[in-house]
Amino acid sequence: MHGFGAGSSGVTTLEKRRDGNNGRWLRLRSQLRDFVCQYRCSTKRPHFFQTPLAFPIHIIIVGLNINIMNKIMKQRWKTEAIETCDVMVYTKIFLKFPHKFWPCGPGKEFFIYAHERRGYYTFWQHMENAFPGSNILVVTLTNGESKRVEAQSDEETLKEAMGVLRNMFGPNIPNATDIIVPRWWNNRFQRGSYSNYPIISNHQDFQNIKAPVGRIFFSGEHTSERFSGYVHGGYLAGIDTSKALLQEIRNERKIENQNHLLEPLLALTGSLTLTQTDAVSNLHKCDIPTQLYLSGKLSIPEAIL
């Protein structure tokens, strides 16, 4: 069994191989902070390449953002389906202050700033209800404003946010002592925050986004038709994908076991001296020993398998 995972710190590839000397399973791990640069999907198994190594993967689950999927997938039916789905950028900026200067209490957790530019530091929330004494404010930006803020320095963003707060609460409020600005759009492992299917969407497009490509399975919130864009959508999609993968493994093992049982029977058909080829094709696998015995090719012990 093989596994693959990607994250902001790099890529980890786990591979199990059987040691020919003592039959033990060996686990090999690629170097952390090495990145997959390409993949090749053959009829048997996909290969993921890390310079200078290539890792053969038996079955894989890919949970990448659909923007990343669109860059690495080569199947037209897959990329066309991905292009029908947008990716939203959702940024929560955290500002830490030496003390509170905003109103707190019941019904006072959120406040809104109206600006002539749409989405300019509009939605604010204090964290006192969740974390009393934290002295933290959170402002939410989306899409165009998110991308604009991600492209500038944290110092510039802090200056803009403080200008908005002073417009709301007056010039004498303290400066923030710290700021955290997530950059989902500029993160090359994310390129966005969550998927956003159009209001009128095609069910087939969703199925094509979710559908496996050979032994490559896909998961993530964008593969949850009911809860796309939400954390629990990603969680439920992971359960569904793991069940589909396990079923694929069971099917493969079932076929392997059937082939293993049929091999000795099929080998015996070579000794048949039937004149009509279709006579053999019409035989059930359980009838082969009987026919061989009746034809005199096998004794009773050999015919009873």
Side-chain angles (χ1 to χ4, degrees), residues 1-7 11 36 38-48 57-92 118-119 123 140-147 182 184-255:
M1 185 65 188
H2 302 68
F4 169 84
V11 174
V36 170
Q38 62 174 309
Y39 84 97
R40 183 178 70 244
C41 188
S42 65
T43 56
K44 293 184 177 180
R45 62 177 56 180
H47 284 70
F48 282 79
I57 307 296
H58 182 62
I59 296 180
I60 183 174
I61 296 178
V62 175
L64 299 175
N65 184 295
I66 58 174
N67 267 344
I68 308 300
M69 286 174 54
N70 201 26
K71 295 180 181 297
I72 65 173
M73 300 310 299
K74 303 172 183 177
Q75 293 75 16
R76 185 175 179 180
W77 59 269
K78 175 72 76 172
T79 57
E80 287 181 349
I82 292 173
E83 289 170 357
T84 64
C85 183
D86 293 329
V87 175
M88 302 294 290
V89 187
Y90 190 87
T91 306
K92 284 184 174 289
R118 181 182 176 89
F123 299 100
T140 300
L141 307 179
T142 60
N143 291 338
E145 282 298 301
S146 292
K147 295 177 182 179
W184 293 103
W185 178 252
N186 287 328
N187 186 327
R188 62 171 171 164
F189 295 106
Q190 299 294 336
R191 300 300 295 169
S193 303
Y194 57 88
S195 64
N196 182 36
Y197 285 89
I199 296 176
I200 302 177
S201 57
N202 189 327
H203 177 72
Q204 187 59 50
D205 288 336
F206 168 80
Q207 292 297 328
N208 288 346
I209 290 176
K210 183 179 180 179
V213 176
R215 296 176 181 269
I216 305 177
F217 287 73
F218 300 91
S219 191
E221 52 83 18
H222 52 280
T223 67
S224 174
E225 187 169 19
R226 187 176 179 184
F227 299 110
S228 61
Y230 293 92
V231 172
H232 55 286
Y235 170 76
L236 295 174
I239 295 176
D240 291 341
T241 305
S242 62
K243 289 181 179 178
L245 185 146
L246 291 173
Q247 186 59 48
E248 178 69 15
I249 294 175
R250 294 190 190 100
N251 293 340
E252 289 182 357
R253 289 179 177 176
K254 184 177 180 180
I255 294 173

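Heads up: numbering here begins at 1 and tracks the sequence.
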Exercise. Could you give the distance from CD (Q207) to OG1 (T223), rounded to the nearest 0.5 Å?
Worked result: 10.5 Å
For this session: Using the test side chain to side chain donor-acceptor pair (under 3.5 Å), find all partners of S224 that sit at least two apart in sequence or belong to another chain.
Result: none
Exercise. About how many Å separate CE of M88 and CH2 of W184, when rounded to the nearest 0.5 Å?
Worked result: 15.0 Å
Problem set entry | R191 to W185, cation-pi by 6.0 Å centre distance and 45° axis angle | yes
Problem set entry | S242 side chain vs I239 backbone, donor-acceptor pair below 3.5 Å | yes
Exercise. Got a second to check how far D205's CG is from I82's CD1, nearest 0.5 Å?
Worked result: 10.5 Å
For this session: For atom OH of Y197, decide whether the heavy atoms of other residues, nucleotides or ligands shown that lie under 6.0 angstrom number more than 12.
Result: yes
Seminar exercise, completed: Scanning both residues in full, the closest heavy-atom pair of V87 with G192 reads CG1-CA, 3.5 Å
Seminar exercise, completed: One should read off an interatomic distance between L236 CG and R226 CZ, to the nearest 0.5 angstrom, of 9.0 Å
Exercise. Can you name the residues that form a side chain to side chain donor-acceptor pair (under 3.5 Å) with N208, not counting sequence neighbours?
Worked result: Q204
Exercise. If you look at every heavy atom in T91 and S146, which pair is closest and at what distance?
Worked result: OG1-OG, 3.0 Å
Problem set entry | V89 vs K147 side-chain heavy atoms within contact, under 4.5 Å | yes
Exercise. Can you list every pair that meets ring pair (Phe, Tyr, Trp, His ring centres under 6.0 Å) and has a residue in residues 220-252, with sequence neighbours left out?
Worked result: F227-H232, Y230-H232
Problem set entry | Side chain to side chain, F218 and V213, heavy atoms closer than 4.5 Å | yes
For this session: Go through the structure and list residues passing salt bridge (charged side-chain N to carboxylate O under 4.0 Å, His left out) with E221, not counting sequence neighbours.
Result: none
Problem set entry | W77 CH2 to I209 CD1 distance, which is reported to the nearest 0.5 Å | 10.0 Å
Please tabulate, one pair per line, all N/O donor-acceptor pairs under 3.5 Å involving side-chain atoms of residues 243-254, not counting sequence neighbours.
| residue | atom | partner | partner atom | Å |
| --- | --- | --- | --- | --- |
| Q247 | NE2 | N251 | OD1 | 3.0 |
| N251 | ND2 | Q247 | O | 3.3 |
| E252 | OE1 | H58 | NE2 | 3.3 |
| E252 | OE2 | R215 | NH1 | 2.6 |
| E252 | OE2 | R215 | NH2 | 3.4 |

Problem set entry | Flag side-chain contact, heavy atom, 4.5 Å: E145 against R118 | no
Problem set entry | CG-OG distance between N65 and S195, expressed to the nearest 0.5 angstrom | 8.0 Å
For this session: Not counting sequence neighbours, list each pair that qualifies as a salt bridge (Lys or Arg N to Asp or Glu O under 4.0 Å) and has a residue in residues 75-89.
Result: R76-E80
